[in-house]
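For reference, the structure is listed below as structure tokens.
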There are 2 protein chains.
Amino acid sequence: MPKKSEGKRKISESTIKRLSLYYRALSLLEKENQETISSKELARREKLTPAQVRKDLSFFGSFGTRGLGYPVSELKQRIAEILGVNRVWNIAMIGVGNIGSALVSYKEFQKQGFIIKLVFDNDQRKIGSNHKGLIVSDIRDMPRLLRENHIEMVVLAVPAIVAQYIVDEVVAAGIKAILNFAPINLHVPPDVYLRSENMSMELEYLSFTLTNRRPPAE
Amino acid sequence: MPKKSEGKRKISESTIKRLSLYYRALSLLEKENQETISSKELARREKLTPAQVRKDLSFFGSFGTRGLGYPVSELKQRIAEILGVNRVWNIAMIGVGNIGSALVSYKEFQKQGFIIKLVFDNDQRKIGSNHKGLIVSDIRDMPRLLRENHIEMVVLAVPAIVAQYIVDEVVAAGIKAILNFAPINLHVPPDVYLRSENMSMELEYLSFTLTNRRPPAE
DNA sequence: CGGCCCATGTGAATACTTTCACAATAAAGA
DNA sequence: TCTTTATTGTGAAAGTATTCACATGGGCCG
Ligand SMILES: NC(=O)c1ccc[n+]([C@@H]2O[C@H](COP(=O)([O-])OP(=O)(O)OC[C@H]3O[C@@H](n4cnc5c(N)ncnc54)[C@H](O)[C@@H]3O)[C@@H](O)[C@H]2O)c1
Ligand SMILES: NC(=O)c1ccc[n+]([C@@H]2O[C@H](COP(=O)([O-])OP(=O)(O)OC[C@H]3O[C@@H](n4cnc5c(N)ncnc54)[C@H](O)[C@@H]3O)[C@@H](O)[C@H]2O)c1
């Protein structure tokens, strides 16, 4: 019997990220009609250890069969439930510039159930224009439109200088989950979940490793 | 005396990422003409603990003055050296679609010393066209052009299905650092540094937290 | 239907990261 | 010059995450 709805299971960030990896791997395996997969093979594909895979899954229950492995479709379905991706999420994009447009054009999000229903900007030339089937709304109508459209997540693609201001408005409108692309440290109340993508940080990470890598064996 | 060039100092991924945060914070402080900053204040700005800040910096030397704090400009300069961003890095973008174009248009990378010198595609309609002052090159000329232009990092913005193939070519051309945007697990030799940005994973993380958050106090 | 095989599930051990707590010490003011 | 004050730098402690290692038990073959 799966031991769900227990006390305060504290799941680590790394475990959640790995669940995303497992989910992606299982989706591929399902397409290939593979019926079961062992922790060993799943670990190999994602460059992890078999124990790591089993431990991660064990936080949520016992999904495998000893001697056999995990049933691909069933495990995929269970992870979808855990991640909350067995449903549709309505999303609003704020800022339809370079990165905002690229994200709106990206059809994969929609396939995964992340539906961009609204896009906002404050540029009069953009408001009212058609972006991949979506009419750009005026940022001033945001609070009302977010509520009317049952938006639960917001993606922020505005200049860093206005990002905190916009976040405050988004929070005031009752949104609890924000994905931010502006390279700035944003402040939100504790009940609002904020994740930031920072591409410069990744480039700096590469810069660090290239700069500090062990010199090639002499 | 700073204890650099010691044995096998193993710096953790989290420490390196925080160095990026400190660097960004120090750049802002420098603009505001602030001369010194304490670990306490730096920690407050980046939502960390003062001990964390001091410990991170202590891996690389002693940069502060007891009773006073750290000299802003000097510390910024030292972190730039540690991260390897006190210089210019030549970058090639592969794939000039939605996301590739957005990144090429982004002027901040250039300001930080990450210079996109070449862009590649395999679409005949795109090859030869002008993208923000850069002529799109034919992917078939990649190995030669990467070498001729002293490219040291490659950003990958091609469809997932061709990503492994392109990575193999990039590795064969001698590149040791790759930033990948395709949502797929790429395999590279151990001396090649690969980082991946996965936006779906961040959305799934938000989905997880919204789904599993403690219910509002009753 | 009995026994062997194999991979799970999980406590315990290990490894890694963060925080604590305080001695050391530079600056500033008396 | 001496005292006070503030903040660093760092071992040691506490807290997390990962890996080990093996008992457990379902599947399958004979
Ligand atoms: N383009 C990239 O590749 C890239 C990479 C990393 C980070 N970023 C970050 O993403 C953000 C957007 O970058 P971009 O290149 O798309 O910039 P951009 O200037 O092309 O787009 C920003 C958009 O936000 C809109 N905007 C400005 N103020 C607004 C407001 N108050 N309300 C609503 N909309 C407003 C602008 O009209 C514009 O359409 C920036 O913070 C940038 O630093 C971009
Ligand atoms: N657009 C987004 O917002 C977004 C978000 C997350 C991830 N991604 C990922 O980034 C990658 C690119 O996405 P996109 O939306 O820009 O796709 P896109 O189709 O707009 O662009 C891909 C580009 O790569 C080029 N290309 C294809 N095969 C090539 C080859 N063999 N050699 C050189 N160039 C080749 C295409 O001609 C095209 O210009 C994809 O892997 C996608 O999953 C995109």
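In what follows, chains carry the letters A, B, and so on, assigned in the order in which the sequence lines appear, proteins first and then strands, with residues in each chain numbered from 1.
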Check your understanding: Relative to the ring of A/F208, is the ring of A/Y205 parallel (under 30°), tilted (30 to 60°) or perpendicular (over 60°)?
Key -> tilted

Review point. With a 4.0 Å cut-off on heavy atoms, is B/K40 in touch with a base, just the backbone sugar-phosphate, or nothing at all?
Key: nothing

Review point. For A/S39, which contact category applies under a 4.0 Å heavy-atom criterion: base, sugar-phosphate, or nothing?
Key: sugar-phosphate

Does a side-chain N or O of [X] approach OP1 or OP2 of [N] to a distance below 4.0 Å, or not?
X: A/R54; N: C/dG9; answer: no
X: A/Q52; N: D/dA17; answer: no
X: B/T65; N: C/dA26; answer: no

Validation: residues 163-176 of chain B side-chain donor-acceptor distances under 3.5 Å, sequence neighbours left out:
from	atom 1	to	atom 2	distance (Å)
B/Q164	OE1	B/H187	N	2.9
B/Q164	NE2	B/D168	OD1	2.9
B/Q164	NE2	B/H187	O	3.1
B/K176	NZ	B/D191	OD2	2.8

Rounded to the nearest Å, what distance is computed from the [atom1] atom of residue [X] to the [atom2] atom of nucleotide [N]?
X: B/F60; N: D/dG9; atom1: CZ; atom2: P; value: 14 Å
X: B/F59; N: C/dT18; atom1: CZ; atom2: P; value: 8 Å
X: B/R44; N: D/dT7; atom1: CZ; atom2: C1'; value: 17 Å
X: B/I11; N: C/dT18; atom1: CD1; atom2: P; value: 12 Å
X: A/L42; N: C/dG9; atom1: CG; atom2: P; value: 13 Å
X: B/R78; N: D/dG9; atom1: CZ; atom2: P; value: 12 Å
X: B/F63; N: D/dT8; atom1: CZ; atom2: P; value: 14 Å
X: A/D56; N: C/dG9; atom1: CG; atom2: P; value: 12 Å

Revision key, fill the gap. Between B/S200 and the options A/Q112, A/R24, A/K111, A/E108, the side-chain hydrogen bond (donor to acceptor under 3.5 Å, both in side chains) test singles out A/Q112

Exercise for review: Assess whether one donor atom and one acceptor atom, taken from the side chain of A/R66 and the base of D/dT24, lie less than 3.5 Å apart.
Suggested key: yes

Practice item. Could you point out which residue of A/E35, A/E81, A/E30 forms a salt bridge (Lys or Arg N to Asp or Glu O under 4.0 Å) with A/K76? Key: A/E30

Review point. Does the salt bridge (Lys or Arg N to Asp or Glu O under 4.0 Å) test come out yes or no for B/R87 and B/E152, once each step is laid out?
Key: CA-CA 12 Å; B/R87 50 161 287 188; B/E152 286 167 282; 2.7 Å; yes

Revision key, fill the gap. A/Y70 has its side chain closest, among C/dT17, C/dT18, C/dG9, to C/dG9

**Study point:** Shortest side-chain distance from A/A51, nucleotide among D/dA17, C/dT19, D/dT19
**Key:** D/dT19

Point to revise | Along DNA chain C (nearest heavy atom to each residue), the more 5'-positioned of A/K55 and A/L68 | key: A/L68

